[in-house]
Amino acid sequence: MMPADSELYDQKETVDVEKCDEDGLVFSKDEHSFQASFFNIRFVNEEARRQACEMLTKARRVEVEIDPQSSRDQPVDVYVFTDGTLLQKTLLEKGLALINIRNPEYIHEAEMEEGVAETTAVVADAQVFVDHREVDLFYLPCLLLLICVLRKGFKKI
């Protein structure tokens, strides 16, 4: 049974984590348990889901919030906050999850997009580094050949 609508919709409420695994999430609030899922993200693989559950179970305080745009059926799609931080954003920043739907009407859409932007910046930086390294490796044999030619040329003179 889920807590009363007014308790979770459009505001954060502290909950207890009963279960988090590949089968889903179960939270409890005021002795009522309810099934839940992470709102508006999908995990890149099962290892990512395992890491999310680990972050969730290690948190000192867990809060959930239901977006007004979300379905009210169980499992309830929730924003999850661990120690005050939106867990979905953290998962996006670490590259463990992807956004399902980009909808500016979702209450934490901008915050989640920040997580995606930070991940994109890191990936772009890594790509630039790889591109420069590949170019450097291409020129290294050319440079060595040039040095050999110049050294032989100077020896003959």
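Only heavy atoms go into these numbers, but all of them, side chains included; no hydrogens, no water, no symmetry mates.
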Original post:
Hey, does Lys89 have a side-chain heavy atom less than 4.5 Å from the side chain of Glu114?
Top reply: yes

Original post:
Is there a chain of hydrophobic side chains (I, L, V, M, F, W, Y, each step under 4.5 Å between heavy atoms) that links Val15 to Val26?
Top reply: no

Original post:
Is there a side-chain contact between Phe81 and His108, using heavy atoms and a 4.5 Å cut-off?
Top reply: yes

Original post:
Does a side-chain N-to-carboxylate-O contact under 4.0 Å join Glu113 and Arg102?
Top reply: yes

Original post:
For the atom pair NZ (Lys29) and CG (Asp16), what is the distance rounded to the nearest 0.5 Å?
Top reply: 9.0 Å

Subject >> Side-chain donor/acceptor of Asp77 to backbone N/O of Ser70, under 3.5 Å >> reply: no

Subject >> 4.5 Å side-chain heavy-atom contact, Arg49 and Leu96 >> reply: no

Subject >> Interatomic distance, Lys19 atom NZ to Cys53 atom SG [nearest 0.5 angstrom] >> reply: 10.0 Å

Original post:
Donor-acceptor pair, Asp83 side chain versus Ala59 backbone, under 3.5 Å?
Top reply: no

**OP:** Flag the pair Val62 / Phe27 as yes when at least one side-chain heavy-atom distance between them is below 4.5 Å, and no otherwise.
**Re:** yes

**OP:** Please say which of Val78, Asp67, Val64 ends up in a side-chain contact (heavy atoms from CB on, under 4.5 Å) with Phe39.
**Re:** Asp67

Subject >> Taking every non-hydrogen atom, the tightest pair across Ala52 and Leu87 >> reply: O-CD2, 4.1 Å

**OP:** Please check if atom CD in Glu31 has more than 12 non-hydrogen atoms from other residues, nucleotides or ligands closer than 6.0 Å.
**Re:** no

**OP:** Report yes if some heavy atom in the side chain of Glu93 is under 4.5 Å from a heavy atom in the side chain of Leu91; otherwise report no.
**Re:** no

Subject >> Sidechain-backbone polar pair: Gln88 side chain, Val80 backbone, donor-acceptor under 3.5 Å >> reply: yes

Original post:
Less than 4.5 Å apart, any side-chain heavy atom of Lys94 and any of Met55?
Top reply: yes

Original post:
Is it true that Glu63 and Arg61 make a salt bridge, defined as a side-chain N closer than 4.0 Å to a carboxylate O?
Top reply: yes

**OP:** Of all the heavy-atom pairs spanning Leu25 and Cys20, show the shortest one and how long it is.
**Re:** CD2-SG, 3.3 Å

Original post:
Within the distance-only criterion (no hydrogens, no angle test), does the side chain of Asn40 pair as donor or acceptor with the backbone N or O of Ile101 below 3.5 angstrom?
Top reply: yes

Original post:
How long is the span from the CG atom in Leu86 to the CD atom in Glu65, to the nearest 0.5 Å?
Top reply: 9.0 Å

**OP:** Indicate yes or no: does Arg50 engage Glu46 in a salt bridge with an N to O separation below 4.0 Å.
**Re:** no

Subject >> Nearest-0.5 Å distance that lies between atom CD in Gln74 and atom OG in Ser37 >> reply: 10.5 Å

Original post:
When you look at Tyr79 and Phe38, which way does the ring pair (Phe, Tyr, Trp, His ring centres under 6.0 Å) test go after all the steps?
Top reply: CA-CA 6 Å; Tyr79 291 110; Phe38 291 96; over 10 Å; no

Original post:
Side-chain contact, heavy-atom cut-off 4.5 Å: Thr82 with Lys58?
Top reply: no

Original post:
In terms of hydrophobic clustering (I, L, V, M, F, W, Y; side-chain heavy atoms under 4.5 Å; direct or indirect links), are Tyr106 and Leu98 co-clustered?
Top reply: no

Original post:
Which pair of non-hydrogen atoms, one from Leu92 and one from Ala97, has the smallest distance, and what is that distance?
Top reply: CD2-O, 3.3 Å

